[in-house]
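Below: one structure, written as structure tokens.
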Amino acid sequence: MDYSSVIQEIYADLKKKQSVGKVAAYIPELAKVNPDKFGVTLLKTDGLHYSIGDSKEKFSIQSISKVLSLSFIFPKIGEAIWKRIGVEPSGDPFNSIVQLEYENGIPRNPFINAGALVVADIILSLCKNPKEEFLHYINQLVDTDLITYNNKVAASEKKHGYLNAALANMMKSYGNIHNDVDEVLDFYFHQCAIDMTCEELAKAFLLFANQGELTHQKKPLLSKSQIKRMNALMLSCGFYDESGEFAYEVGLPGKSGVGGGIAAIYPKHFSIAVWSPQLNQKGNSTLGMLFLEQFTTKTGMSIF
Ligand code: GLN
């Protein structure tokens, strides 16, 4: 399969499109990004990779971090995690609070904000130095030490994070947050404020295409069953109330973030990361979705 010419063709075609959405502005620091950035990296499980555009430039991974925080903690806590978080799509926006009350403070899934806040709470309970250990884990996935928190983005989100504070407080009142609410929020804002490139993200997500194994380390980090569950959750819940649309258009497990990134995987074949900061109304990258739709349609490489 000549991935490189398909990638070049789609990239050149989409690059011509302008004003395809809005950069996230509810976190003021994110609004500073150049809206025309566009990068792609495809990484195959055999190590071959293809990059184009701004694939070496760091951007805020935001909600893509929710997959990595879950994969960090899942092997440590196991199936017990599902007593505190569900595995159903929410059908609601990522920061919605409505379901939480009538579902007694149990978030629908780990990839909406409420679910990721519970995951953050579990990380605080299980780790001595949560922020350091989580960052170390991500650097380990990518086989680097260059990945860091962007403190400006974290501070900007903290300043405007009223809704996340409301979610965390409501869950605290239901007993589903065990640590101090401010500490949970601080961890969550930092995990979202990690900067990565498309190349780094594709490398991190290769874990999910590669049955829980890293190419640079022998011992698997997650079991095959855990990888099955992680990928199922990405497919059903990775794009909030646009998860059905993403499965329909693209047909791969994946996860988006309001920084404009999308990471997706085809089990046993490849991971792919796309970055374009202009978002559609559901908070997902417009060009990112278009790129992946055309990519899986032209190559036939979707799980369906
Ligand atoms: N940090 C963002 C928030 O909590 C993440 C949202 C996203 O990327 N969808 O609002």
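Just follow the structure's listing: the first ligand is 1, and inside any ligand the first atom is 1.
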Lys58 NZ: over 12 foreign heavy atoms closer than 6.0 Å: yes
Carboxylate-amine/guanidinium proximity below 4.0 Å for Asp121 and Arg84: yes
Distance (rounded to the nearest 0.5 Å) between Ile262 CD1 and Leu252 CG: 11.0 Å
May I have a table of the N/O to N/O pairs between ligand 1 and the protein that fall below 3.5 Å, each row giving the two atom names and the distance to 0.1 Å?
from, atom 1, to, atom 2, distance (Å)
ligand 1, 1 (N), Gln62, OE1, 2.6
ligand 1, 1 (N), Glu157, OE1, 2.8
ligand 1, 1 (N), Glu157, OE2, 2.7
ligand 1, 4 (O), Asn113, ND2, 3.0
ligand 1, 4 (O), Glu157, OE2, 2.9
ligand 1, 4 (O), Asn164, ND2, 3.0
ligand 1, 4 (O), Tyr188, OH, 2.6
ligand 1, 8 (O), Ser63, N, 3.1
ligand 1, 8 (O), Ser63, OG, 2.7
ligand 1, 8 (O), Val258, N, 2.8
ligand 1, 9 (N), Ser63, OG, 3.0
ligand 1, 9 (N), Tyr240, OH, 2.8
ligand 1, 10 (O), Tyr26, OH, 2.5
ligand 1, 10 (O), Asn113, ND2, 3.4

Heavy atoms of other groups near Lys15 NZ, more than 12 under 6.0 Å: yes
Under-4.0 Å salt bridge between Glu213 and Lys218: no
Asn109/Ser90 under side-chain hydrogen bond (donor to acceptor under 3.5 Å, both in side chains): CA gap, chis, key distance, verdict: CA-CA 7 Å; Asn109 68 68; Ser90 70; 4.5 Å; no
